[in-house]
S.K.: 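Please see the structure below; I have some questions.
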Amino acid sequence: MTPPPTPRPEPVPVTVLTGFLGAGKTTLLNRLLKHPALRDTAVLINEFGEIGLDHLLVERLDGDTVLLNAGCLCCTVRGDLVKALRDLAVRIEQGHAIRRVVVETTGLADPAPILQTLMSDPLVLYRYRLDGVVTLVDAATGMATLDSQGEAVKQAAVADRLVITKSDLATPEQVSALWARLRALNPGAPLLNALHGEIEPEALLDCGLYDATRKHPDVTRWLDAEAWHAHDHDHGHDHHHHDANRHDARIHSFCLTFDEPLPWDGLATWLEVLTMTRGESVLRIKGILNLAGEARPVAIHGVQHLFHPPVKLERWPDGDDRRSRLVFILRDLDRATVEKGLRAFAESARQQAEIAAGQG
Ligand SMILES: Nc1nc2c(ncn2[C@@H]2O[C@H](COP(=O)(O)OP(=O)(O)OP(=O)(O)O)[C@@H](O)[C@H]2O)c(=O)[nH]1
C-alpha cells in the first residue's frame, strides 16, 4: 500500500527588498527587524563588491542573516540564493522557527533574476512563496537615478510597494515630482513614505500574492484595477506634465480586465508563446483570474520566461466583481500586440471548447 502523501508545508513568504545604491534599504530593514511582526525572520543579503559589509550593518543577534556571495546579478547570485534558501529549508525542517525571509538585493541589482530564482528551483518553490517586491527610492537623488540608471527604473516598475525615502533631504516639489513619476511608471503599487526607515511593517508585508490560505485575499490592494484605470485616463496629462517620463519610455505597465471567465487552455498557451518568444521583454506579469469551470480565483505570476505554478486562492473577496485582472510590466513591447494576441488565443480556445461540448 502506498503511504498517504505528506501535506505540503506552509510556504514561507519571501519579501524582496530592493532600491538603488544608498536608497536606505539597510536602514529600513533594521527598523523593520525590531518590530514584533518580523520576529523569526531570516535575512539574505546580496551585496555587490569585493567585501560585503551590509551583513555587519544589519543588527541581528541570531544566526539567520546570510550574506550571499559578493557578485551581482544572474548566475553566481542565483546559485547562492538557491543554496541559502535550501539550507534555510533544512533548518526549518529541523524545527528552527523561521516565518519569513527578507532578501535585500544590491542597489545595482536587476530584481528579475532574484524573482526568477524564487520561481525556478523546485525545492524553493515547494518551501517558499514570493510575498512581494518592496522598492525604495531616495527622494534626494531618485529622479537623477531614474534618468541615468535603467536598473533603477526596472526596480520601481516591478515593485508591489514603492517607498520614498529621505524626503527630509528634498523639497516638497521634488518629492511630488518623484511621486508623480513613480505613479506613472507603476500605477498599481501603493506609494509610501519612510523617514529614516520608519514604517509600519503591515504596509510592506503580505502583499496578497499567492497566499492561498488567507480568508480574504487582498486582491483589491494587490491589483488595484482602479489605479490602472485612472492612469490610463490621465496618460496624456501625465506625459504633458512629467516630461522626465520620456526616460522611462521603454518600460511601461498596464492592466487588462476580462469580464467573462477565461479559458485556461487558451491563456496558458498564449502565456507560453509570449514568454518563449518575448521573455526578455516581460519584466513581470501578475494576475487574478476567473477561469471557466473554476469557482475559486487563481493567481498567476511570471518574470521573463518563467512562470510560478498557478495558485488557487481560498475564495473571491466579498464584494469583488470577479473579473480577471492581468497586470503586465513590459519593456519594448506594446500593449496592442499583447492585448490582441491574448484575446485571439482566448477566443479560439473558447470556440474549441464549444465545438467539443457540441460533439459530446
Ligand atoms: N536624511 C536621511 N537619511 C537617511 C534616510 N534613510 C536612510 N538614510 C541614510 O542614507 C544612508 C544610506 O542608507 P543605507 O540604509 O545604508 O542604504 P542602502 O540602500 O542599504 O545602501 P547600499 O547597501 O549601499 O545600496 C545612510 O547614511 C542612512 O543613515 C532618511 O530618511 N533621511
Side-chain angles (χ1 to χ4, degrees), residues 14-35 38 41-60 64-74 76-77 80-81 84 101-115 132-179 181-182 189-201 203-205:
V14 180
T15 301
V16 175
L17 183 64
T18 184
F20 210 68
L21 291 172
K25 300 178 290 295
T26 308
T27 307
L28 183 120
L29 187 57
N30 274 332
R31 298 301 284 253
L32 279 182
L33 291 173
K34 293 199 170 75
H35 206 281
L38 272 287
T41 296
V43 178
L44 307 182
I45 298 170
N46 163 221
E47 211 172 346
F48 183 68
E50 288 300 308
I51 305 159
L53 285 178
D54 264 10
H55 64 305
L56 302 176
L57 302 176
V58 174
E59 303 155 14
R60 290 302 298 245
D64 289 335
T65 301
V66 177
L67 180 71
L68 303 175
N69 218 353
C72 193
L73 321 179
C74 44
T76 34
V77 76
D80 283 350
L81 182 56
V101 176
V102 176
V103 181
E104 182 190 337
T105 76
T106 130
L108 293 172
D110 170 355
I114 292 181
L115 303 185
V133 179
V134 175
T135 301
L136 272 53
V137 186
D138 175 339
T141 61
M143 212 49 145
T145 305
L146 288 168
D147 284 348
S148 59
Q149 306 288 342
E151 299 314 346
V153 175
K154 224 167 156 183
Q155 290 169 353
V158 301
D160 296 296
R161 299 283 184 274
L162 280 162
V163 183
I164 293 186
T165 60
K166 307 193 194 180
S167 50
D168 56 318
L169 301 180
T171 63
E173 291 73 30
Q174 281 173 316
V175 174
S176 62
L178 182 60
W179 190 280
R181 184 165 180 185
L182 293 173
L191 259 170
L192 308 154
N193 190 51
L195 209 50
H196 296 287
E198 194 57 57
I199 196 159
E200 281 304 310
L204 303 182
L205 306 177

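All ligand and atom numbering here is 1-based and tracks the order in the structure.
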S.K.: Under 4.0 Å, counting heavy atoms only: does Glu104 come that close to any atom of ligand 1?
M.R.: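 Yes, Glu104 has heavy atoms under 4.0 Å from ligand 1.
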S.K.: Measuring from atom 1 (N) of ligand 1, which candidate in Leu17, Asp168, Thr105 has the nearest non-hydrogen atom?
M.R.: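 Result: the heavy atom closest to atom 1 (N) of ligand 1 is in Asp168.
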S.K.: Could you tell me whether the side chain of Thr15 reaches within less than 4.5 Å of the side chain of Leu204, counting heavy atoms only?
M.R.: no
S.K.: Once you restrict to heavy atoms under 4.0 Å, what part of Leu28 touches ligand 1? Side chain, backbone, both or neither.
M.R.: neither
S.K.: Which residue from Thr18, Thr27, Asn30, Thr165 reaches closest to atom 14 (P) of ligand 1 through any of its heavy atoms?
M.R.: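 Among Thr18, Thr27, Asn30, Thr165, the closest heavy atom to atom 14 (P) of ligand 1 comes from Thr27.
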S.K.: Leu146 versus Leu182: any side-chain heavy-atom pair under 4.5 Å?
M.R.: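 They are in side-chain contact.
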S.K.: Okay, side chain of Arg161, backbone of Ala203: is any donor-acceptor separation there less than 3.5 Å?
M.R.: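 Side chain of Arg161 to backbone of Ala203: a pair is present.
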S.K.: Between ligand 1 and Gly24, is the shortest N or O to N or O distance under 3.5 Å?
M.R.: yes
S.K.: May I ask you to check whether His196 has an N/O atom sitting below 3.5 Å from an N/O atom of ligand 1?
M.R.: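 The answer is yes, given that His196 and ligand 1 share an N or O pair closer than 3.5 Å.
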S.K.: Any atom of ligand 1 sitting under 4.0 Å from a heavy atom of Gly22?
M.R.: yes
S.K.: Which one of Leu29, Thr26, Leu169 has a non-hydrogen atom at the shortest distance from atom 16 (O) of ligand 1?
M.R.: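 Heavy atom nearest to atom 16 (O) of ligand 1 belongs to Thr26.
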S.K.: Ignoring hydrogens and geometry, is there a side-chain-to-backbone donor-acceptor pair from Thr105 to Thr18 under 3.5 Å?
M.R.: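 Checked: no pair found.
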